[in-house]
Amino acid sequence: MSKPVEQLSQVIVRFAGDSGDGMQLTGSQFTSETALLGNDISTLPDFPAEIRAPAGSLPGVSGFQVHFADFDILTPGDAPNVLVAMNPAALKTNIKDLPKGGTLIVNSDAFNERNLQKAGYATNPLEDESLGEFQVHSVPLTSLTVGALKGIEGVTPREAERSKNMFALGLMSWLYGRPIEPTVEFLEEKFAKRPEIAEANVKALQAGYAFGETTESFAVTYEIKPAKLTPGTYRNITGNQALSLGLVAASRLSKLPLFLGAYPITPASAILEELAGYKNFGVRTFQAEDEIAAAGAAVGAAFGGSLGVTTSAGPGVVLKAETIGLAIMLELPLVICDIQRAGPSTGMPTKPEQGDLLMVLFGRNSESPVPVVAPRSPSDCFDAAIEACRIALKYRTPVYLLSDAYLANGSEPWLLPDVESLPDISTTFATEPNDGDEFLPYLRDEQTLARPWAVPGTPGLEHRIGGLEKADRTGNISYDPDNHDLMTRLRAQKVAGIASDIPELEVDDPDGDARVLVLGWGGTYGPIAAACRRVRTGGRSVAHAHLRHLNPFPRNTGEVLRRYDKVLVPEMNLGQLLKLVRADFLVDAVGYNRVSGIPLRSAEVADAIEAMVDQ
Amino acid sequence: MSKPVEQLSQVIVRFAGDSGDGMQLTGSQFTSETALLGNDISTLPDFPAEIRAPAGSLPGVSGFQVHFADFDILTPGDAPNVLVAMNPAALKTNIKDLPKGGTLIVNSDAFNERNLQKAGYATNPLEDESLGEFQVHSVPLTSLTVGALKGIEGVTPREAERSKNMFALGLMSWLYGRPIEPTVEFLEEKFAKRPEIAEANVKALQAGYAFGETTESFAVTYEIKPAKLTPGTYRNITGNQALSLGLVAASRLSKLPLFLGAYPITPASAILEELAGYKNFGVRTFQAEDEIAAAGAAVGAAFGGSLGVTTSAGPGVVLKAETIGLAIMLELPLVICDIQRAGPSTGMPTKPEQGDLLMVLFGRNSESPVPVVAPRSPSDCFDAAIEACRIALKYRTPVYLLSDAYLANGSEPWLLPDVESLPDISTTFATEPNDGDEFLPYLRDEQTLARPWAVPGTPGLEHRIGGLEKADRTGNISYDPDNHDLMTRLRAQKVAGIASDIPELEVDDPDGDARVLVLGWGGTYGPIAAACRRVRTGGRSVAHAHLRHLNPFPRNTGEVLRRYDKVLVPEMNLGQLLKLVRADFLVDAVGYNRVSGIPLRSAEVADAIEAMVDQ
Amino acid sequence: MSTNGHLTAKDYRTDQEVRWCPGCGDYAILAAMQSFMPELGIARENTVFVSGIGCAARFPYYMNTYGMHSIHGRAPAIATGLATTRPDLSVWVATGDGDALSIGGNHLIHALRRNVNFKILLFNNRIYGLTKGQYSPTSELGKVTKSTPMGSLDWPFNPLSLAIGAEATFVARAIDTDKAGMTAVLRAAAEHRGSAFVEIFQNCPIFNDDAFAFVRDDKEGVNRVPLRDGEPITWGAGAEKALRQRSDGSIEICRADDEGVLVHDAHHEGAALAFALSRVTQESHGGTPVGVFRDVERPVYDDLMAGQLAAATEKFGEGDLGALLHSGETWKIG
Amino acid sequence: MSTNGHLTAKDYRTDQEVRWCPGCGDYAILAAMQSFMPELGIARENTVFVSGIGCAARFPYYMNTYGMHSIHGRAPAIATGLATTRPDLSVWVATGDGDALSIGGNHLIHALRRNVNFKILLFNNRIYGLTKGQYSPTSELGKVTKSTPMGSLDWPFNPLSLAIGAEATFVARAIDTDKAGMTAVLRAAAEHRGSAFVEIFQNCPIFNDDAFAFVRDDKEGVNRVPLRDGEPITWGAGAEKALRQRSDGSIEICRADDEGVLVHDAHHEGAALAFALSRVTQESHGGTPVGVFRDVERPVYDDLMAGQLAAATEKFGEGDLGALLHSGETWKIG
Ligand SMILES: Cc1ncc(C[n+]2csc(CCOP(=O)(O)OP(=O)(O)O)c2C)c(N)n1
Ligand SMILES: Cc1ncc(C[n+]2csc(CCOP(=O)(O)OP(=O)(O)O)c2C)c(N)n1
Ligand code: SF4
Ligand code: SF4
Ligand SMILES: [Mg+2]
Ligand SMILES: [Mg+2]
């Protein structure tokens with residue numbers, strides 16, 4: 001006797017619990033189930049600060065938000081519609097995000113005195129008025145789970161208890177009509193070596209599902225129709241995974257072996273860890289003694305003819321600056337991935353920010369121009385990585401790839417590309433003298449201004465390069481004033497010239513009559529695009545352009561900016577792109593800046609846009 | 001029977017010879033003699049590239065230019081009127097700077113086949129037509145010297161030969177009516193332990209002087225009247241010396257012991273070396289294992305209550321970035337001196353540039369604002385150093401001091417200040433709780449927004465600080481989004497607020513009707529001011545403003561810029577200040593940029609200004 | 001209002017919640033340090049803990065003294081500046097195997113050779129804890145971690161050998177759970193003027209559990225080789241095993257009653273014996289020496305610096321700014 | 001068009017004018033290297049010299065092979081990337097005492113412990129040459145230089161002790177002007193698979209003249225203690241002096257015909273003897289060992305890396321990009 005089904009267009013669910021409660025797993029399984037239904041999805045985990053805090057404590061709370069819908073969505077959502085809180089600490093840290101009338105599911109078993117105290121609750125919120133404005137479902141998840149698992153041999157009471165996350169998942173799956181079979185399969189595989197644990201988890205999952213069906217607490221169940229997505233094969237992917245795959249793909253597409261020099265750092269470590277698993281792709285990962293060595297080794301590998309890459313986050317990227325300066329002088333290809341996090345200094349290591357744009361552009365001594373590429377979404381990290389490699393190889397230059405903690409850990413469905421459709425970014429090594437009998441290592445390609453890449457092992461092209469200023473063409477050390485001025489300008493021109501080799505800036509202005517342009521870059525694409533949608537739904541027109549190339553800018557950028565009366569530049573910093581476009585195009589653009597260590601909220605961005613439109 | 005005396009207003013003499021020829025000594029003695037005559041002076045050495053190249057080779061040439069005049073002068077001069085060339089290599093590398101009709105004095109003895117070949121001369125330029133357009137005085141300096149020194153006991157022929165620079169100095173002293181007594185004294189003191197060498201040098205000097213008087217080669221002698229300088233006591237000083245003295249003075253004025261952490265690097269090493277000599281001023285110099293440690297030790301010293309300073313040049317300053325970021329988060333005073341040199345990477349280590357402005361402003365992860373101060377002349381390094389220390393101490397922030405290789409090695413007369421006239425920059429440590437019984441390390445001063453500086457050893461104020469984001473007031477670790485946004489803005493406001501504590505930007509516009517403003521910063525003051533003079537002499541009006549504070553800008557900067565129709569920004573980079581003023585003030589300023597590793601030439605800057613005025 | 005006087009471990013606790021994982025060895029080290037501090041007799045305000053980044057590096061937050069949680073690997077450099085300018089302070093560096101030996105390796109070895117007066121406690125858990133489980137420079141070859149799915153390729157450092165090779169004047173080893181042993185080592189380190197280097201075997205139950213089980217749980221002393229100055233080096237349940245030196249310079253195991261049993265001499269000027277002892281490991285010898293390996297006197301950097309300042313002042317008089325500005329060749333105008 | 005075949009020293013000269021000061025020890029090292037190279041039998045194009053910054057670091061410009069003059073202290077890191085990706089190359093690092101031991105100390109010790117396959121030649125002149133005469137980490141205590149007018153305060157590193165403490169597998173010492181000795185050491189280094197560390201005493205006549213005069217000019221061998229594998233360690237004009245080990249692990253001088261004279265064993269697995277020998281110095285013993293101190297086999301980083309790649313390919317097959325993209329949970333739409 002099934003319950004009535006209500007249609008919804010979209011839902012945002014947040015799972016929150018103690019670090020030990022398995023919320024990441026719960027969230028990602030809920031995501032997998034949802035993906036199979038054809039909804040569009042976007043997810044964002046919220047890891048606790050670096051160290052495993054004591055159980056039940058506020059800093060120990062771990063969260064995972066899933067946004068799914070029957071249309072193409074852009075962000076994991078500003079705020080959840082449904083909050084699943086596994087303990088008082090999780091409730092405490094997350095309830096402020098739940099809007100009035102939102103659904104709250106709590107594990108009432110966890111609301112004992114000890115836990116309440118650890119979370120700083122003087123009284124039990126389940127028993128006072130404080131949750132009055134929410135639809136509260138207080139479910140004794142722990143005891144229901146333990147009850148359901150009685151009698152499975154070899155499962156300790158602790159282990160039984162630990163399955164409560166699967167009970168919660170079962171319940172949520174029922175509520176939103178998600179199939180639990182994929183999770184059953186997943187659990188059986190994951191615990192293949194301990195079938196009793198697999199059984200316990202599966203039973204808990206099923207019990208949760210059944211509980212939904214039978215309890216009176218839930219009157220309706222919801223349905224979210226599939227989204228109209230481009231046909232094809234999809235997989236759910238985080239930004240760091242996509243970035244890693246993009247690097248492997250670039251290695252294949254360029255026919256160069258990939259060498260990664262890295263030193264672990266949050267939130268970039270996952271790239272090192274991911275790439276360490278692709279040894280059968282010829283990928284060499286080198287965990288260096290520090291970031292300087294990581295970058296240095298990548299330069300050494302590039303000199304030897306590898307696709308040299310180094311990854312880090314802000315506090316590590318600054319350390320690489322001198323080495324990148326060397327690579328600029330050597331004019332060797334190199335890709336530096338900066339997974340931006342909140343700073344300055346150590347800052348808030350797990351939180352996103354867009355604070356490193358000016359650093360990667362200018363953070364080296366003297367005039368040392370570098371191209372910069374920034375992905376706009378988790379799956380876009382794949383394409384952006386290939387693009388960064390393409391530019392590095394073609395122009396023989398270090399290129400920065402600017403991702404952030406939000407893209408890195410967030411996930412979304414990724415329409416898998418055909419390998420054949422990927423760009424050919426193969427490059428050629430010099431094998432012959434290029435000036436009569438002589439080899440001139442700084443004789444440039446006329447079109448790209450790139451110098452030849454002659455790798456050791458090539459007979460007859462032996463040459464020496466270094467960080468001292470070099471004479472045009474020959475590359476010999478030179479202190480000649482005019483030569484230095486020339487070389488400085490050539491290096492700048494080479495990078496500036498890339499503008500002719502990248503797409504023009506596209507503007508999304510569905511109404512065609514917008515007077516306000518919103519200009520963003522990189523990881524804020526989702527929130528800004530969602531904000532624009534919201535503004536348009538509210539009846540106003542707004543145009544949105546989003547920069548993927550931060551240096552050089554697309555060649556039509558100035559023209560685009562000047563087309564609009566007003567330009568708003570939302571950023572997760574104090575106005576870095578803003579400074580650049582004001583300087584380059586002399587437009588009186590205005591910033592919308594939030595530096596909170598959390599993704600921009602589209603509702604707030606929408607407010608800012610509306611205010612500007614209405615001005 | 002003395003020769004006729006001709007009056008001159010100014011002269012620029014360049015001494016050039018092999019590294020072993022003692023040109024630096026010759027130049028500086030000529031400077032000393034000239035100072036005593038009351039001329040204004042500006043000098044610039046031109047060291048050979050880093051290593052002592054083989055004798056007689058082109059890279060081994062060492063030069064020293066002295067500009068002296070009967071008025072206040074601004075630069076060592078674009079080009080010499082008189083070139084003294086001790087060998088063919090010196091001639092070869094310097095002759096292109098000598099204008100038509102210029103005076104050339106060469107040591108003809110050095111023009112033998114071997115030397116000619118080393119310098120790449122196919123034929124002897126003294127014997128062909130190539131020097132036709134100059135007034136050439138070909139003097140056998142070596143043999144005349146050796147001849148003059150015959151009979152001094154204990155002096156080897158080699159040693160006699162090596163005195164030829166004193167012969168040249170004697171000749172030049174005669175030619176320009178400089179007294180040689182100070183040099184005689186100097187030589188006797190310098191070679192006190194080897195009186196025979198002192199004697200040889202003095203004899204050579206006197207012989208050179210006498211040679212001028214007797215030879216027919218020189219028909220006239222010149223006189224340059226004293227300049228009208230502010231009365232007082234002067235000494236000739238280089239930028240690095242003045243900077244070092246400024247730091248010692250700041251230590252005294254703040255009553256804090258000075259701690260310098262440094263790692264040797266051209267052209268900053270001299271500051272470490274200079275300060276190492278002031279141990280009786282309580283100055284501690286620490287030659288660290290690298291630049292990171294140098295900066296780190298300075299931060300440690302600052303935590304302990306010292307005036308912490310670290311010095312380097314671009315390739316070393318980039319390495320300090322992470323540590324400066326920490327100091328920004330810790331909000332501790334620190335002064336970082338960057339003696340800019342030509343880059344990128346190792347670049348041209350001995351040559352000046354203004355390439356590090358954007359790096360010091362933005363070269364750290366995330367939003368990490370710092371004040372920046374830049375001296376305008378060698379002696380101004382003294383005041384600028386005190387100003388940097390003042391801001392660092394008062395606002396508890398790292399401050400960058402941007403000098404360059406040109407200021408560092410160049411010299412000028414310095415009107416010695418009264419110690420009493422120097423600013424009081426003393427600061428106070430926290431000694432008491434600041435919030436009831438509690439000590440809150442991040443409770444700010446309302447006016448400056450500086451936090452209290454409580455140094456270890458102060459009972460009751462024990463506290464812990466670090467690089468993680470901290471809660472407002474308490475300084476505890478905080479991951480709160482709003483707190484992070486607040487702290488980010490507070491750090492920015494603190495630095496921005498310094499604008500109210502620095503002088504307004506002054507404009508030099510003697511005619512009062514200029515439509516073009518030339519805006520410069522730091523070490524280009526001399527060439528730009530000289531260019532403006534030249535332009536005005538040519539009958540055009542031009543205004544000049546020169547920035548000493550690069551962050552924040554003086555509060556009237558925008559207003560000044562908007563007062564003029566056109567703004568020209570000459571820089572020894574590709575337009576860094578230009579970018580900043582365009583972004584901040586939306587003025588369509590235009591750059592004049594030369595990145596040649598040599599100081600801007602005022603003639604070229606003047607051309608650029610005139611072109612703009614005439615547009 | 002000095003805080004000196006009758007302090008207890010409690011006085012060294014801060015109001016910050018300790019945030020290491022349950023069961024982390026860092027707790028024991030913290031407890032031992034807090035108990036030991038009062039014994040030192042140094043006022044709380046004259047004590048400073050400096051750290052880099054890592055789990056270990058959270059240490060200063062939990063010590064109610066002055067403290068700085070700085071940046072990864074740089075604590076020895078920062079402590080050098082502090083100790084050199086403030087000889088009145090007792091300066092301690094808390095660091096991890098990644099912090100001290102990976103990114104911070106250079107600062108560590110330079111601090112040791114300089115013999116700057118601070119104490120370095122290296123919490124060695126043979127893993128990167130804070131970044132969640134990559135191998136470290138002390139991880140054994142072939143270690144499977146997040147970043148080395150097929151096993152690590154780098155031969156590990158022996159922290160003691162490295163320190164001795166870097167001219168350290170004080171080198172010791174302790175075990176997190178061995179409070180008595182650790183306290184003895186801390187005491188010796190505190191008494192040593194100059195740099196003291198102490199490796200502490202620290203268990204990370206989350207990412208590298210039981211890495212040191214062989215000595216940590218070795219209550220009978222089967223594997224622990226205690227180094228006691230002036231005494232023969234013997235160990236085993238019945239102290240039946242001993243160490244002695246072969247003619248090739250290496251050290252072998254023998255019976256306690258054999259001839260030539262090594263008598264420990266931590267104060268021996270030469271570093272060779274301490275080095276040889278640092279090569280005695282569980283893998284190579286089936287025993288792990290703990291205690292003070294080396295403790296010799298050598299001029300201390302900060303003392304030498306202070307000495308030069310005093311000598312210069314003695315010679316030239318206390319610096320006079322006016323005279324300094326007027327030094328060199330000057331001339332008068334007007 | 002390989003350049004292999006009958007090469008001579010001349011083939012290794014470049015067209016760049018050599019710009020060291022007259023009399024600089026670097027000339028002799030360059031000459032020795034250029035003479036030695038042909039003997040190696042490696043094609044010029046397969047040889048790479050990498051350096052940092054310093055006088056010594058100009059070396060690559062003068063070798064007609066591939067080369068990189070990089071940034072201060074980072075050559076070992078750069079060489080690690082190169083050697084790890086290009087096992088077919090013969091990679092050499094030329095560095096100075098400042099470059100290698102000051103700013104680059106960390107990269108050096110990590111390269112040594114990893115045993116990456118490149119050879120490090122440390123031109124030790126106990127001074128910063130290129131920056132014109134500040135003291136270096138190998139300068140003796142109390143050295144008066146530009147930056148230390150009252151004498152340096154830092155105890156110097158012993159480069160060999162440091163290398164051995166850092167788990168180096170090959171450690172040797174040579175003298176710039178001793179071409180035969182240096183060539184023998186270079187040969188042994190080249191033959192060693194893995195990292196080889198060679199300290200070369202190099203005279204800097206400009207800023208630190210005669211720092212090594214005691215062995216450099218020691219034609220009679222009064223001060224030079226030659227280390228010859230398998231032979232007793234004796235020296236002196238008539239080979240009358242010898243070394244032997246004391247029971248405390250240190251090394252003493254004895255007469256060549258005394259009992260217990262040490263027989264050199266560079267291949268000894270344990271590092272203790274090599275370390276003890278590294279402590280034998282002119283100051284402490286009146287003699288300076290030269291030659292190969294230590295030369296042992298240990299898995300090489302690049303080989304291990306290549307091995308893992310091969311093993312992974314063996315196990316999972318050559319990577320297929322399409323399959324990789326489609327791995328994990330996928331689903332179809334439309
Ligand atoms: C410049 C920089 N690089 C990398 C990191 C990331 N990071 C933080 S701690 C750490 C290693 C921690 O290992 P260890 O020192 O052994 O300390 P543990 O956590 O094991 O106590 C790393 C790589 C950082 N914070 N800063
Ligand atoms: C990052 C950086 N810091 C400092 C320098 C300046 N510098 C160049 S070489 C050198 C030291 C040279 O000493 P050493 O390595 O012993 O070489 P030598 O000149 O004696 O052969 C220094 C400090 C630099 N080039 N880069
Ligand atoms: S990760 Fe390991 S070292 Fe870090 S706190 Fe947890 S148990 Fe301790
Ligand atoms: S300064 Fe010294 S090391 Fe450098 S080239 Fe001259 S003699 Fe050689
Ligand atoms: Mg660790
Ligand atoms: Mg040297």
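These values consider heavy atoms only, across backbone and side chains, with no hydrogens, waters or symmetry-generated copies.
- Interface remark: B:Ala55 contributes no atoms to any contact with chain D (heavy atom separation under 4.5 Å).
- Smallest separation of non-hydrogen atoms from D:Tyr135 and B:Gln287: O-NE2, 2.8 Å.
- We find the OG1-NZ distance between B:Thr266 and D:Lys132 to be 7.0 Å, quoted to the nearest 0.5 Å.
- Side chains of D:Glu17 and B:Ser57 form a contact here, defined as non-hydrogen atoms less than 4.5 Å apart.
- Considering only heavy atoms from C-beta on, B:Thr285 stays 4.5 Å or farther from D:Ser147 through its side chain.
- Distance OG1/D:Thr145 to CD/B:Glu273: 7.5 Å, rounded to 0.5 Å.
- By the 4.5 Å heavy-atom criterion applied to side chains, B:Glu291 and D:Ile103 are counted as neighbours.
- If you measure heavy-atom distances from B:Leu275 to chain D, you find no contacts under 4.5 Å at all.
- Scanning both residues, B:Tyr263 and D:Ser102, for their nearest heavy atoms gives CE1-OG, 3.4 Å.
- At a threshold of 4.5 Å between non-hydrogen side-chain atoms, the residues B:Ser269 and D:Gln134 count as touching.
- Residue D:Ser70 touches chain B through its backbone alone, counting heavy-atom pairs closer than 4.5 Å.
- The CZ atom of B:Phe286 sits 10.5 Å away from atom CG of D:Leu153, with the distance rounded to the nearest 0.5 Å.
- Distance check: D:Lys146 NZ to B:Leu272 CG gives 11.0 Å after rounding to the nearest 0.5 Å.
- With a 4.5 Å cut-off on side-chain heavy atoms, B:Pro59 and D:Arg19 count as touching.
- Other residues, nucleotides and ligands contribute only 12 or fewer heavy atoms inside 6.0 Å of the CZ atom of B:Arg162.
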